[in-house]
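To find a chain, count down the sequence lines: A is the first, B the second, and so on, and within it residues start at 1. Here the structure is a predicted model, which means the values were calculated and not measured.
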Number of protein chains: 2
Amino acid sequence: MTTKPKPRAAPPELSREAVVAAALAWVDAHGLEPFSVRALAKSIGVFPAAIYWYVPSRELLLAEVVAEVLRGFVPEWDGVDWRAYVTALLHNFRAAVRRHPNVAPLIGTQLVSNTSIDFALAERNLAAMAVAGFSGEALVGAHNTLMAALAGFTTQEFAPVPQNAQAWQQAMRRRVAAITAADYPALAANLPSMTNRAFVLRWENGVAAPLDDSFAMFIRVVIAGLEALAPGG
Amino acid sequence: MTTKPKPRAAPPELSREAVVAAALAWVDAHGLEPFSVRALAKSIGVFPAAIYWYVPSRELLLAEVVAEVLRGFVPEWDGVDWRAYVTALLHNFRAAVRRHPNVAPLIGTQLVSNTSIDFALAERNLAAMAVAGFSGEALVGAHNTLMAALAGFTTQEFAPVPQNAQAWQQAMRRRVAAITAADYPALAANLPSMTNRAFVLRWENGVAAPLDDSFAMFIRVVIAGLEALAPGG
DNA sequence: ACCTGAACACCGTTCAAGT
DNA sequence: ACCTGAACACCGTTCAAGT
């Protein structure tokens, strides 16, 4: 695994931010699954226990990594155009995950518990949905709908392909190519436009095969649905 | 951890299905994070290496567990009522996860790579969306939209609360209670209906605090949005 | 065919000890 | 205050050996 001669990067000059940044860089470079505190320590040039001076556990370290990836993604709310807000919200989130796709598996989970900027997210969601015409219980539902929309598309689009990419991709290609009209008539009729471009029928994730058009349509569905349900029109 | 006298359950009588079932039972009982092949082996009354006779790796074992949880959730497609299909699809998925909430963190990821019944899911999605009026590229987008809707709400609703439930819940309660109109006007104005009932503002997940009303509204948004975008009306 | 028993190369985390 | 060095109690997985 380690091929470099280990330059022992100058004086460590550690800090909590530096540890989080190094962890994110490590995951970007090598993936989430093989990440370990020990491997991170080695990449920094320090003993494993040194990490624990700045961070209480592996789990909280990764929570900070997620917070770093998502920092600043919530768009400004201008008090007027809720459609522009929703569009920017979903686009910014996707752009953030796209910059660091290896952390995608953590994000669905961590959205629940990240305690940093999240109140600002809820605040702007409510403000925007209130302008859209929602109030009371429906306002809660509109906020939860936005949160579901946030996570639903992007986390699946960038979900990692199985470990043994080689064999799995081959098998998936074959299975898709072997679809027949007898077994799956609708699939067979739409195979060219679906192959490697639809959830369930693809062997690459959003890094190699982004689903830009589907994502744009997804946003339009969410906005049109909210328009239809908003009491004030 | 182990308090029981270890009854050494009769003759093992192992099989692939039995191993998967035992793994699911273990995760249901003790959670996903502390799950290990060794702990599973102990609960079955067998040496760890015995597991590997039936299953190639921990990762594939967990993929089978997910498949077991989701088995049969795709509703029948009657060829007519696409709104009933979408409603049943989302409800069935949520019901399945609700029965085994501890596996929720795996599902967003595994939806991509589970190779079992998934083609049937895509087939019925396409058939239903075709009846809704979509075709060509928009049909792909409609299918991807359904998949995003599937995962978005439920996986967040049942995402596990942090390990140290005690301290985290306390801290979350306090932070929510401390919200002021000066910092978060919209939140402050809607605090009673949002507290512990909205993503980002809750300290219990869907097991203790299900979001039935919001989920119903989410489904209506998705269906209304698809109606609005469908060419044929 | 199916499982044991032992081993290998790892983990996260704690803690006394150094500076 | 910050890091070393060693240790503890685990992991997933492999493999020869038994039956």
Side-chain angles (χ1 to χ4, degrees), chain A residues 1-3 6-24 26-27 30-66 105-106 109-110 160 162-164 167, chain B residues 1-3 6-24 26-27 30-66 105-106 109-110 160 162-164 167:
Chain A
M1 280 296 170
T2 49
T3 51
K6 205 186 201 181
R8 178 52 82 144
E13 191 57 55
L14 235 39
S15 70
R16 189 176 175 108
E17 297 75 34
V19 167
V20 172
L24 176 54
W26 200 101
V27 171
H30 307 103
L32 184 66
E33 207 193 292
F35 173 80
S36 72
V37 175
R38 296 178 107 107
L40 171 64
K42 182 175 281 185
S43 81
I44 299 179
V46 91
F47 275 62
I51 304 291
Y52 288 87
W53 184 259
Y54 299 98
V55 134
S57 69
R58 181 195 136 105
E59 188 177 11
L60 286 237
L61 169 56
L62 289 178
E64 297 252 23
V65 167
V66 170
L106 292 175
T109 306
Q110 298 284 3
Q163 68 303 353
N164 51 352
Chain B
M1 282 294 170
T2 51
T3 51
K6 204 186 203 183
R8 180 50 83 143
E13 192 57 56
L14 235 38
S15 71
R16 188 175 175 105
E17 296 76 35
V19 168
V20 172
L24 176 54
W26 201 100
V27 171
H30 306 103
L32 185 66
E33 207 194 291
F35 173 80
S36 72
V37 175
R38 297 177 106 108
L40 171 63
K42 181 174 281 185
S43 81
I44 299 179
V46 91
F47 274 63
I51 303 292
Y52 289 86
W53 183 259
Y54 300 98
V55 133
S57 69
R58 181 196 136 105
E59 188 177 10
L60 286 237
L61 170 55
L62 288 178
E64 296 253 22
V65 167
V66 170
L106 292 175
T109 306
Q110 298 283 1
Q163 68 302 354
N164 50 351

Side-chain touch A:Val55/A:Val37, heavy atoms, less than 4.5 angstrom: no
B:Val65 vs B:Leu106 side-chain heavy atoms within contact, under 4.5 Å: no
Under 4.0 angstrom between A:Tyr54 side-chain N/O and D:dC3 OP1 or OP2: yes
A:Arg38 side chain vs A:Pro48 backbone, donor-acceptor pair below 3.5 Å: no
C:dC2 OP1/OP2 closer than 4.0 Å to side-chain N/O of B:Trp53: yes
D:dT13 - base-pair partner by Watson-Crick or wobble geometry, distances under 3.5 Å: C:dA7
Whole angstrom value for the distance that separates P of D:dC3 from CG of A:Leu40: 13 Å
Nearest-Å distance for atom pair CD/C1', residues A:Glu59 and C:dC11: 16 Å
pair A:Leu62-A:Phe35: side-chain heavy atoms closer than 4.5 Å: yes
Protein-nucleotide distance (B:Arg38, atom CZ; C:dC10, atom P), rounded to Å: 15 Å
Protein-nucleotide distance (A:Tyr52, atom OH; D:dA6, atom P), rounded to Å: 19 Å
Which nucleotide in C:dG5, D:dT13, C:dC3 has an atom nearest any side-chain atom of B:Ser57: D:dT13
Value in whole Å for how far the C1' atom of C:dG12 lies from CG of A:Leu60: 13 Å
pair B:Pro34-B:Trp26: side-chain heavy atoms closer than 4.5 Å: yes
Distance in angstrom units between A:Lys42 NZ and D:dC3 P, rounded: 19 Å
A:Leu14 side-chain proximity, nearest of D:dC3, C:dC3, D:dG12: D:dC3
A:Ile51 CD1 - D:dT4 C1' separation (whole Å): 13 Å
First encountered from the 5' end of DNA chain D, between B:Pro48 and A:Ala50: A:Ala50
Length of the line joining A:Arg58:CZ and D:dC10:P, which is rounded to integer Å: 18 Å
